[in-house]
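Please read these numbers as outputs of a predicted model, since none were measured by experiment. Naming: A, B, ... by sequence-line order, numbering from 1 per chain.
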Amino acid sequence: MSSLSPEVALSRIYPELRLLLCTVIRNGRVGLDSSNCLRITDLKSGCTSLMPGPSCDRFKIHIPYAGETLKWDIIFNARDPALPPDFIFGEDADFLPEPSELTHLVSWDAGKPECLLLLVKEMLQQYHQYQCQRLRDSSRLLFEYDSLLEDPNYGRSMEIYAGRKNSWTGEFSARFLLKLPVDFSNIPIYLLKDTSLDPGEDVALLSVSFEDAEATQVFPKLYLSPGIEHALGGPSALHIPAFPSGGCLIDYVPQVCQLLTNKVQYVIQGYHKRREYIAAFLSHFGMGVVEYDAVGFTKLTLLLMWKDFCVLVHVVELCSVPVVDLPLYFPRDQPTLTFQSVYHFTSSGQLYSQVQKSYPYSPRWDGNEMAKRAKVYFKGFIPQFQDGAFANGKL
Amino acid sequence: MEIPEPGQADGEERMVDLRPRTRSNPEGAEDRRSSNGSLSNVLPSPPQPAVGSRVEGEGEAASSDSPPTTAPTITAAAPAPVAAASNPASGMSAMASGTKERPKPPQPSSLSTQIPPSAELHLRAPRVNCPEKVIICLDLSEEMSLQKLESFNGSKTNALNISQKMVEMFVRTKHKIDKRHEFALVVVNDDAMWLSGFTSDPRELCSCLYDLETNVCESFNLEDLLNVILQKLELPQMENVQTIPPPFVVRTLLIFSRHAGMLQFNPSDAIKKMLQSPYFFFDLVYLHNGTEEQTEDTSWKDAYASFSELDSKGMCYQFEVSLCGPAIELHNCMAKLLCHPLQRPFQSHASYSLLEDDDTQETEATV
């Protein structure tokens with residue numbers, strides 16, 4: 001059954017339970033995957049149909065966990081709404097959390113709006129422990145778990161799902177979901193905010209699926225929150241290496257972290273380099289700047305004038321309008337220069353222009369050097385550009 | 001942000017001080033600024049990580065050195081001597097007739113005094129290239145069809161003809177730079193009429209541009225024009241003008257050729273408010289009959305000077321071009337008007353030359 005919108009769910013729930021459910025629906029992020037909210041389906045009522053008004057007091061909650069979705073039943077009693085709910089943990093019939101260890105169950109307070117959400121979080125932590133216990137069926141995977149647990153970088157941000165043993169083949173599988181301790185805080189904000197959804201936390205999650213207990217079939221996958229994915233250049237921007245055969249997580253995970261950190265640094269540096277480039281150009285040409293991208297520093301338009309030294313004709317002051325597009329991998333990739341006339345059109349009605357991609361350039365130059373060399377290049381090229389415009393363009 | 005000196009090898013190092021706006025530093029470079037964030041701030045950087053602040057050229061850095069002079073007036077007839085050369089009206093009267101533009105930027109030492117006093121009273125929006133809404137207002141009085149302009153091949157042409165081409169150049173170029181820019185076309189006879197826009201498609205605007213005719217116009221009603229514009233606009237209102245970029249700015253670009261003498265202009269409060277908004281600009285190309293030889297008929301100068309009343313912030317661009325001169329002057333004005341109003345220098349400081357006096361140019365830019 002498809003999940004209900006928060007408003008619909010809340011309108012159908014028994015009024016005295018509404019506050020508890022509201023917190024779950026609106027702020028309900030538990031676990032590592034904070035981009036996926038908790039969802040509610042299958043609202044039902046334990047009351048008779050004679051009960052007037054909204055009376056649903058039981059529902060299924062969908063909880064993202066370790067790449068799976070747990071479906072737990074939560075059962076209140078509308079006739080005694082102050083009581084804490086019962087839980088049915090889907091197919092995990094073996095999962096029996098110890099009630100006395102669930103502080104929000106022990107001191108359940110139906111008047112506290114976040115009580116249910118906190119209880120679900122506690123249950124999830126216990127569920128995680130339960131799953132980790134199941135790893136004992138595979139010494140190899142238990143080793144993976146233990147070695148990660150010891151490392152404070154990863155040990156505290158793991159979710160484990162140990163799948164059922166396949167009763168036919170006796171195979172055992174598990175999935176590890178790890179939150180990677182990569183610092184995204186220095187990524188310029190403008191790169192992150194271009195997502196239409198509320199991005200939530202900036203996070204990178206590594207999911208590693210072991211399809212067999214001997215770790216010979218291991219499938220890693222990297223999940224980035226939408227803002228980070230966009231900032232790094234889209235879904236295809238980052239490729240993580242395959243899990244090495246015979247390798248183990250405690251070696252592999254730091255490798256992925258490093259790759260991600262390097263990419264983040266590259267993006268940050270690229271931004272700084274572009275900014276430096278544009279600063280230098282503004283310093284050299286700034287009194288004639290038309291526009292520049294003041295947020296991402298990806299483009300710049302200058303207005304230059306070149307005086308014709310021909311003696312016989314009227315001295316004509318010619319204007320050219322170069323447009324500079326800075327690529328994402330600047331300074332490795334050279335910016336494109338487009339020279340455009342302000343007088344001439346082409347036969348198709350566009351303004352006469354010429355694109356230059358291979359002018360003197362080195363990614364090792366600093367911004368200042370690039371600006372100086374560009375000026376030299378402009379002085380050499382613009383006269384011939386103007387000649388071309390007069391020869392080939394329409395006034 | 002500090003602009004690196006030319007030739008400085010560690011140019012990058014100087015910019016490390018100012019961090020971009022990130023989640024851990026949401027105010028960006030602002031964390032290094034003094035708290036008042038006003039124009040008298042010692043650091044020559046605007047609050048956002050915008051690069052290449054033209055601060056030096058526009059005297060914002062120097063404003064701490066030369067405190068505001070007396071005049072709290074808003075008129076551009078700046079009595080304060082410090083603003084003499086940068087003010088269009090006084091700039092014009094300071095020169096002999098016939099010069100086409102503002103004087104070239106003066107030497108660095110005097111650059112610091114070139115602030116129009118009114119600029120210090122108006123908060124400036126950050127130098128971000130937000131989308132522009134450009135309202136092109138084309139005068140259709142008969143002066144526009146006088147065949148006096150000299151085209152490239154030496155033949156005579158008229159201002160309307162050239163204006164059409166340069167407006168097309170303008171909208172196409174702006175669209176190429178940023179597809180978010182929008183354009184509108186207003187024609188001005190005795191009254192103003194909104195023909196097209198706002199549209200971001202240059203072809204849509206250009207389709208209205210070429211079937212226009214001039215006619216004899218009895219009067220020029222500036223208030224009517226501004227009212228027509230006011231009705232189509234809702235200017236942004238930002239909580240903090242200096243740090244939060246607006247969603248867009250509005251620029252009126254009037255191409256005007258009538259010799260109406262001094263403007264009779266009694267703006268309503270609503271119009272005054274629009275003119276004083278940090279997000280509204282009134283640019284002008286004034287076509288006149290004056291030439292270097294004609295010393296009698298200088299009435300156009302009065303009209304031209306009175307347009308400065310509309311430039312309450314000292315940030316607008318206004319050009320005067322002779323109808324009898326080379327058409328290229330008109331083209332060049334339009335090219336200069338391409339510059340984004342939030343990122344362009346004060347008009348008196350603008351310089352586009354690629355001449356050999358490199359050192360002078362760079363020094364001026366980096367002061």
Side-chain angles (χ1 to χ4, degrees), chain A residues 184-190 192 202 268 271-273 275-276 278-295 297 299 301-307 314 316-319 321 323 338 340 342-343 345 349-351 353 366-369 371-372 375 378-379 382 390 395, chain B residues 1 3-9 11-12 15 19-26 48-52 54 57 105 126-129 151-153 165-166 168-169 172-173 176-178 245 326 328 331-332 334-336 338-340 343-345 349-355 358 361-362 364-366:
Chain A
F184 298 115
S185 61
N186 286 320
I187 294 183
I189 278 190
Y190 85 94
L192 295 165
D202 294 328
I268 293 174
Y271 166 87
H272 282 285
K273 281 279 179 189
R275 190 161 165 237
E276 186 211 341
I278 290 200
F281 269 69
L282 289 176
S283 171
H284 286 256
F285 302 103
M287 297 303 186
V289 67
V290 174
E291 281 190 43
Y292 62 94
D293 176 0
V295 173
F297 307 105
K299 56 183 180 177
T301 299
L302 301 169
L303 181 63
L304 304 167
M305 291 180 79
W306 172 77
K307 204 163 177 171
H314 298 279
V316 180
E317 289 170 321
L318 301 174
C319 297
V321 184
V323 174
T338 303
Q340 185 207 303
V342 301
Y343 317 109
F345 291 82
Q350 301 298 321
L351 285 155
S353 59
D366 67 6
N368 201 34
E369 187 65 24
K372 274 178 163 170
K375 194 173 216 170
F378 291 158
K379 281 191 184 168
I382 280 174
F390 274 101
L395 286 163
Chain B
M1 142 180 280
I3 307 297
E5 299 290 336
Q8 185 169 352
E12 185 169 354
M15 269 169 274
R19 295 185 291 147
R21 195 151 37 108
T22 62
R23 289 276 165 90
S24 61
N25 178 27
Q48 78 290 351
V51 174
R54 300 314 318 145
R127 268 186 207 80
V128 176
N129 57 319
S151 62
F152 284 101
N153 59 13
K165 288 188 187 153
M166 64 192 209
E168 180 162 0
M169 179 283 297
R172 285 187 183 275
T173 305
K176 186 185 166 80
I177 293 172
D178 189 336
I328 193 174
H331 285 286
N332 293 353
M334 206 66 184
K336 291 168 190 171
L338 287 168
C339 301
H340 196 291
Q343 294 186 326
R344 63 192 185 189
H349 299 164
S351 161
Y352 314 96
S353 193
L354 259 191
L355 303 177
D358 269 346
Q361 294 297 326
E362 283 172 32
E364 284 175 1
T366 58

**OP:** Give the minimum heavy-atom separation between Cys339(B) and Val289(A), together with the two atoms involved.
**Re:** SG-O, 3.3 Å

Original post:
Closest heavy-atom contact between Val290(A) and Leu338(B)?
Top reply: CG1-O, 3.4 Å

**OP:** Please name the residue in the list His331(B), Met169(B), Lys165(B) that meets the side-chain contact (heavy atoms from CB on, under 4.5 Å) test with Tyr343(A).
**Re:** His331(B)

Original post:
Counting only N and O atoms by type, is there a donor-acceptor contact under 3.5 Å from the side chain of Gln343(B) to the main-chain atoms of Tyr292(A)?
Top reply: yes

Subject >> Donor-acceptor pair, side chain of Lys299(A) and main chain of Ile177(B), under 3.5 angstrom >> reply: yes

**OP:** Between chain B and each of Gly367(A), Gly349(A), Ser353(A), count heavy-atom pairs under 4.5 Å; write down the option with the most.
**Re:** Gly349(A)

Rounded at 0.5 Å granularity, tell me how far [atom1] in [X] sits from [atom2] in [Y].
X         : Y         : atom1 : atom2 : value
Glu291(A) : Arg127(B) : CD    : CZ    : 14.5 Å
Thr338(A) : Lys176(B) : OG1   : NZ    : 5.0 Å
Phe345(A) : Arg172(B) : CZ    : CZ    : 7.0 Å

**OP:** Would you mind checking which part of Asp178(B) comes under 4.5 Å of any heavy atom in chain A, side chain (CB onward), backbone (N, CA, C, O), both or neither?
**Re:** both

Original post:
Can you find a heavy atom in the side chain of Met334(B) that is under 4.5 Å from one in the side chain of Val342(A)?
Top reply: no

